[in-house]
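Step one of this worksheet: look at the structure below.
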Amino acid sequence: MAITRRQRESSSTTEERTPSNSLGPIGSALSTKLGPRPVVMTGGILAALGMLLAFFVTSLTHLYLSIGLLSASGWPLPFSPPLACLSRYFSRRRSLAMGLSLTGVGLSSFAFAPLFQWLISNYAWRGALLLVSALSLHLMACGALLRPLSLTEDTSVGGPGAQLTSLFHHGPFLRYTIALTLINTGYFIPYVHLVAHLQDLGWDPLPASFLLSVAAISDLIGRVGSGWLGDAVPGPVARLLMLWTTLTGVSLALFPVAQAPTTLVVLAVASGFTSGALTPVAFSVLPELVGTGRIYCGLGLVQMIESIGGLLGAPLSGYLRDVTGNYTASFMVAGAFLLAGSGVLNTLPHFFSCISASTSRPKDLVIEPLDTKIPLPKKEGLGED
């Protein structure tokens, strides 16, 4: 089969950067009904099976069906349920738990890119797909280790259908979803076009790629630091999310202005840190809006809708580059989307209050088997666990 190197690189870029969360609500509904453990394990099987079948492909169409359809159907399933579990495990240190768990994303972005290239160089692309399939199969073991909790709040929120209906009538949730969609539209622009922008400025490909790795390390530090800060600073977590979102938008808008290498490095480190910092607090806000009983459906629905922004952002940026001849408008518009999202965050409940609901949370949950009921203090509008 004749699959060119350019086609393989294009496919790899799409898989790595496109947020494939369209199955988020399905995985969340299944997690609500069956628990997160079988959902994560099923996602691991689908992801591994798609990669395995790609080993035998004889045309590009087969590659799209195996990886683009089968594996892509499995990848979203192991993401949302573990994050929802964390929201139910922790109360006072929820943001830090989110930050630590999401460091895996930064580590994989930093380590797996050279690993995959090494696999291709030593085992060819078919052998690399076979080994990646084996790696994906480890998601079954990760899913088996999950210990879901059964909370007394679960009995009052109803099944997946009732939860989704209530979420669509939940004003703060809908506004928060709009905010994350706007943020997501600009969030992926530097990951897709920063290297090309630096090459337009005369940088060699290797230093430009290295700068992206530096931003990835800064992103990793930002996730942990923001998680700790989200629990330590009093006030609503949404306020901290607005701060990181605003700083990320400003740093992206400044990229076209910067010309000196030192300035570009500083901006890359700053944007990497702030974009990583907004991720854990973004997931920490949701339980306070919809409650821990509806966190599975809420998280899945948010990820499905916000992925629309992620899908539109990179093509829009590329279109602006083609029209204007440079990436100035692309980065300016990306920053504007993040600033618009931070503005919508101002409309969330208790945003301007001095005391956050998190300050009155009870002690962290003790993990119990699924059939154990853990009582919850009833506070309307807050997912207190």
Side-chain angles (χ1 to χ4, degrees), residues 19-40 42-43 73 76-89 91 94 98 146 148-185 236-238 241 282-312 341 344-351 357 370 373-385:
S20 54
N21 292 322
S22 58
L23 294 180
I26 297 177
S28 299
L30 291 174
S31 297
T32 304
K33 194 75 174 178
L34 306 174
R37 188 178 296 167
V39 175
V40 174
T42 301
S73 299
L77 299 181
F79 186 75
S80 298
L83 289 178
C85 279
L86 280 178
S87 297
R88 295 159 67 89
Y89 288 162
S91 55
R94 181 179 289 148
M98 289 290 183
L146 290 176
L149 299 176
S150 180
L151 309 178
T152 54
E153 185 181 353
D154 298 339
T155 59
S156 61
V157 295
Q163 293 184 36
L164 289 174
T165 301
S166 66
L167 289 174
F168 277 114
H169 291 83
H170 194 287
F173 171 78
L174 295 178
R175 294 196 298 273
Y176 186 65
T177 302
I178 293 172
L180 290 187
T181 303
L182 292 171
I183 293 169
N184 229 27
T185 304
V237 182
L241 174 59
F283 289 111
S284 299
V285 171
L286 193 58
E288 298 184 3
L289 286 178
V290 303
T292 51
R294 292 183 291 185
I295 188 60
Y296 285 116
C297 288
L299 186 57
L301 190 58
V302 162
Q303 289 191 294
M304 182 193 73
I305 298 176
E306 73 171 358
S307 66
I308 298 173
L311 289 170
L312 295 177
V344 177
L345 291 174
N346 290 329
T347 66
L348 295 181
H350 312 295
F351 186 88
L370 183 60
K373 298 291 183 182
I374 299 179
L376 293 174
K378 294 184 179 179
K379 289 190 177 182
E380 186 177 352
L382 297 177
E384 294 294 335
D385 46 350

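Numbers here are sequence positions counted from 1.
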Taking side chain as C-beta onward, heavy atoms only, is [X] less than 4.5 Å from [Y]?
| X | Y | answer |
| --- | --- | --- |
| Pro82 | Val40 | yes |
| Gln163 | Phe168 | no |
| Leu241 | Val237 | no |
| Ser80 | Met304 | no |
| Leu348 | Pro236 | no |
| Tyr296 | Pro160 | no |
| Leu86 | Phe283 | no |
| Pro287 | Arg88 | no |

Tell me whether [X] contacts the main-chain N or O of [Y] through its side chain, where contact means a donor paired with an acceptor under 3.5 Å.
| X | Y | value |
| --- | --- | --- |
| Arg175 | Thr347 | yes |
| Tyr176 | Val285 | no |
| Asn184 | Glu306 | yes |

Considering residues at least two apart in sequence or located in another chain, which fulfil the side-chain hydrogen bond (donor to acceptor under 3.5 Å, both in side chains) criterion with [X]?
| X | result |
| --- | --- |
| Ser166 | Arg294 |
| Arg37 | none |
| Thr165 | none |

Could you tell me which non-hydrogen atom of [X] sits nearest to which non-hydrogen atom of [Y], and how far apart they are?
| X | Y | value |
| --- | --- | --- |
| Gly35 | Pro38 | O-CD, 3.4 Å |
| Leu77 | Val39 | CB-O, 3.8 Å |
| Ala238 | Leu345 | O-CD1, 4.5 Å |
| Cys297 | Leu164 | CB-CD2, 4.1 Å |
| Ala84 | Leu299 | N-CD2, 3.8 Å |

Exercise for review: Take Leu301 and Thr177 through the side chain to side chain contact (heavy atoms under 4.5 Å, CB included) test and state the conclusion after the steps.
Suggested key: CA-CA 9 Å; Leu301 190 58; Thr177 302; over 6 Å; no
From [atom1] ([X]) to [atom2] ([Y]), nearest 0.5 Å:
| X | Y | atom1 | atom2 | answer |
| --- | --- | --- | --- | --- |
| Ile295 | Ser87 | CD1 | OG | 4.0 Å |
| Phe173 | Leu289 | CZ | CG | 8.5 Å |
| Ile308 | Leu182 | CD1 | CG | 11.5 Å |

Exercise for review: Decide side chain to side chain contact (heavy atoms under 4.5 Å, CB included) for Arg94 and Tyr89; before the verdict, give the C-alpha distance in whole Å, the side-chain angles of both, and the deciding distance to 0.1 Å.
Suggested key: CA-CA 8 Å; Arg94 181 179 289 148; Tyr89 288 162; over 6 Å; no
